Structures are given as structure tokens and as C-alpha cells.
Amino acid sequence: MAAADPPLKDELDIVIPTIRNLDFLEMWRPFFQPYHLIIVQDGDPKKTIKVPDGFDYELYNRDDINRILGPRSSCISFKDSACRCFGYMVSKKKYIFTIDDDCFVANDPSGKQINALEQHIKNLLCPSTPLFFNTLYDPFREGADFVRGYPFSLREGVPTAVSHGLWLNIPDYDAPTQLVKPRERNSRYVDAVLTIPRGTLFPMCGMNLGFDRELIGPAMYFGLMGDGQPIGRYDDMWAGWCIKVICDHLKLGVKTGLPYIWHSKASNPFVNLKKEYKGIFWQEEIIPFFQSVVFSKESTTVQKCYLELSKMVEEKLGKVDPYFVKLADAMETWIQAWDDLNPPAKA
């Protein structure tokens, strides 16, 4: 009997930002090889990035980004993994899985290798329950269900827009925590998936992330970070705060938990502190800002929500620092570039 095709084989792209040869793909070959890869090369475009044989991929460097987006390429970060969101923009698939090049296949407690991509697909293809918390976590998993007292009117759930995976070994810590706990490693494997409740923000990590590009793609902008910017390492968190308030408004779900990957390389905490320094202060203003976001009834699409959010960012956070005025402008530019490359279907 012929083996079944991998799930969503023709409906999903894997996006990888990198500055180095992609030898790490060898470990992922059994899981990734059937899928199309979009590689976004950061740094010097003259450098040649080697990709192992047998993978179906397209590779974009800074010259390609400038050529494709023209003046609007200014919204794509340089010398920062935030450049990955260019891959989201040029993809033509319904789903995206993105992973960092220092992430490897993890093992579950039984020793079996974890197919992270397959678990993200499972998360994305079943509903979320953001409107009422289920104490058995994801009620759609095998062996679970809605507990007594869960309203029947809410049991259908809502579409899942984002699947946020976790990491074994090197935790995703900020620089101050890295400095205090330099040897800490995460060995706790928690076999759980849960929906993040409506009205609750979370720190999104982009190194092991899946999302429905059609549902939330235009909001998955990783901001202006890295070269020439006063902040770094907040790219995925910025996107996470934006997508969460938009998902809450549009009644879409965000899941977190499984799958785990093995995060192999701890970045330098002193370098990280320099990148994060302003963000550590700014987030004390940013979080209350996002907690207070209310969209108008006219914001019925992700693009409309995102443009409305950009105006709020300029008005409210622009008072915190001029950087946020620049960021708000880049958010608008991002939507313009997205719509240029992804024109809406004609009715």
C-alpha cells in the first residue's frame, strides 16, 4: 500500500531566517523534505548559503527583498531574525511553519522523536476555545473533552489562527534572566496544549511557530528591529501582542504548548542585553497599551484591524519614544506591501 502524503503537503511553507549554511536541516529531513522551504538570508547578500541536497526551496537575500518590494523594503528588518516575515509575505500557501536554524528535533519522554510540524498542523486544524477556559486544556485532543459546567453554546470553538510551540534545553529567556541563570536548562516536557484565553496577552517566540496565513498573516509582522533600530529581540513578541488583540477582536484562537523542539544554542546575554535594553523599559508601557486596545466595528478584517492598530501605536506609544512613530509607519508600509503581493480575490 502506498504511503499517505504528509498532511498539508501542498498547503504549507516552512520559513527559515538564517545567516549560515543550513546543515541543521539534515536532522529535520524525515519531517521537512516533502514541504516547500522559503529561506530568508540575513546579512551580506554576497555570502553563499548552502542548503542540503534534496530540499525544495527558494532563497531570498537582501538584494531580492529590495528588488521585490522597492521603497517598501524599508519595513523589513536587517541583521535581525525579524527578516523572516518577508517569507510570510511572498508565500502563496495557506499555512506557515517557521523555525530557527539552531533548533533541532526533540525527543518525548519515551525517547521517540517529535515531529513538531505534524503537531502544529494538528493544533491549527482543530478549533480553539478562547471564550471559556476548559480545565482539561484542549478538549479536542484524544482522551479529553469539555468538563462539566462548560457552556454547550461555546463547545464548537473558533478557528485556530496560531500554534505556539515550546522548547527543551535552552529556555527562551531575556538577558537579565539569562545572566542570573546561565546554566538553567528546561527538561520539563508537559504533554498539553491549551488555548490562550481571550483578553490575555502572551510572549510569543518565533523559533517554533505555526499559523494560518489566510486567517492572520497580515498581522504577523515582526516589526522594525536590528540594524539601524534602537531595539532587537522584541520582533516576535511585538507580532504576538498584535496578533493576539486582533484574534480576540475577530474571535480567532491562539494555542500554546506542544510541540517541543530542542533549542541548542544559548545566545550571548551581554549582546542580548544591549539589544533588549530599551525594550525592557518600554514593555512596561507597551503591555498596558495592548491591554487597552479596542477596535472599531468597522475593523472587520485583519488588514483593517492592523491599520487601525498602527494609528493607535503612533498616537499612544509615540509619546513613549519617537521610535514608535517610525514603527507605526512601517506597520502601514507592511500592509501596503502585503496587499501588493497578495491582492484580494475579486468577488
Side-chain angles (χ1 to χ4, degrees), residues 7-8 12 95-99 103 106-110 112 114-174 186-213 215-216 219-220 236-263 287 290-291 293:
L8 303 183
L12 182 144
Y95 299 97
I96 296 286
F97 170 59
T98 185
I99 188 170
C103 294
N107 294 333
D108 69 18
S110 73
K112 182 184 176 184
I114 298 167
N115 184 347
L117 177 54
E118 183 179 59
Q119 180 64 49
H120 277 297
I121 290 170
K122 286 180 180 176
N123 292 348
L124 290 167
L125 291 183
C126 81
S128 292
T129 53
L131 305 178
F132 200 92
F133 189 78
N134 191 57
T135 49
L136 270 182
Y137 304 121
D138 192 337
F140 299 101
R141 284 192 73 192
E142 188 177 347
D145 210 326
F146 293 96
V147 298
R148 180 171 56 90
Y150 201 102
F152 283 87
S153 59
L154 297 178
R155 292 190 182 193
E156 186 179 344
V158 302
T160 300
V162 179
S163 170
H164 178 255
L166 299 176
W167 350 265
L168 294 171
N169 196 34
I170 307 291
D172 186 33
Y173 284 161
D174 54 37
N186 181 35
S187 59
R188 292 184 67 228
Y189 178 95
V190 181
D191 185 12
V193 178
L194 65 151
T195 297
I196 300 173
R198 190 180 191 190
T200 301
L201 296 170
F202 76 112
M204 189 173 83
C205 173
M207 75 171 93
N208 175 23
L209 183 71
F211 63 92
D212 187 320
R213 185 176 170 277
L215 284 180
I216 200 64
M220 200 58 86
D236 42 8
M237 285 183 281
W238 178 262
W241 297 325
C242 292
I243 63 101
K244 188 56 170 64
V245 294
I246 292 173
C247 283
D248 286 352
H249 175 69
L250 297 178
K251 293 190 177 175
L252 300 171
V254 179
K255 293 190 176 189
T256 188
L258 301 180
Y260 284 89
I261 47 88
W262 182 269
H263 185 208
I287 299 303
F290 278 104
Q291 287 173 328
V293 165

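Everything numeric here is computed off the predicted structure, so don't read it as measured data.
Rounding to the nearest 0.5 Å places CG of Leu209 at 8.0 Å from CD1 of Ile243. Interatomic distance, Leu131 CG to Leu154 CG, rounded to the nearest 0.5 Å: 6.0 Å.
Side-chain atoms of Val254 and Lys244, non-hydrogen and from C-beta on, do get closer than 4.5 Å to each other. Taking 4.5 Å as the limit, some side-chain heavy atom of Phe140 sits within range of a side-chain heavy atom of Pro127. For the pair Met220 and Met204, the minimum side-chain heavy-atom distance is below 4.5 Å. Asp138 is listed as a side-chain neighbour of Cys126, based on a closest heavy-atom distance under 4.5 Å. Residues Tyr95 and Leu117 are not in side-chain contact: their nearest non-hydrogen atoms beyond the backbone lie 4.5 Å or more apart. The side-chain heavy atoms of Pro159 and Asp212, taken from C-beta on, include no pair separated by under 4.5 Å. Side-chain contact between Leu258 and Asp191: present, with at least one pair of heavy atoms (C-beta onward) separated by less than 4.5 Å. Residues Pro139 and Tyr150 are not in side-chain contact: their nearest non-hydrogen atoms beyond the backbone lie 4.5 Å or more apart.
Using the six-membered ring where Trp is involved, Trp241 and Phe290 have ring planes that are tilted, between 30° and 60° apart. Using cut-offs of 30° and 60° for the angle between ring planes, the Phe97 and His120 rings count as tilted.
Shortest non-hydrogen contact noted between Ile114 and Tyr189 is CD1-CE1, 3.7 Å. Residues Ala219 and Ile246 come closest through the heavy atom pair CB-CD1, 3.8 Å. The shortest non-hydrogen separation linking Asn208 to Ala116 is OD1-CB, 4.4 Å. Of all non-hydrogen atoms in Thr256 and Ile196, the two that sit nearest each other are CG2-CG1, 3.9 Å. In terms of heavy atoms, Ile216 sits closest to Val162 at CG2-CG2, 4.1 Å. Pairing each heavy atom of Ile261 with each of Ala106, the nearest pair is C-CB, 3.7 Å.
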Determine, stepwise, if the pair Val245 / Leu201 fulfils side-chain contact (heavy atoms from CB on, under 4.5 Å).
CA-CA 8 Å; Val245 294; Leu201 296 170; 4.0 Å; yes
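The backbone N or O of Met207 lies less than 3.5 Å from no partner atom in the side chain of Asp236, so there is not a single donor-acceptor pair. When atom types are taken as modelled, the side chain of Asp248 and the backbone of Gly199 share a donor-acceptor pair closer than 3.5 angstrom.
Looking only at atom types and distance, the side chain of Asn123 has a donor-acceptor partner in the side chain of Gln119 under 3.5 Å away.
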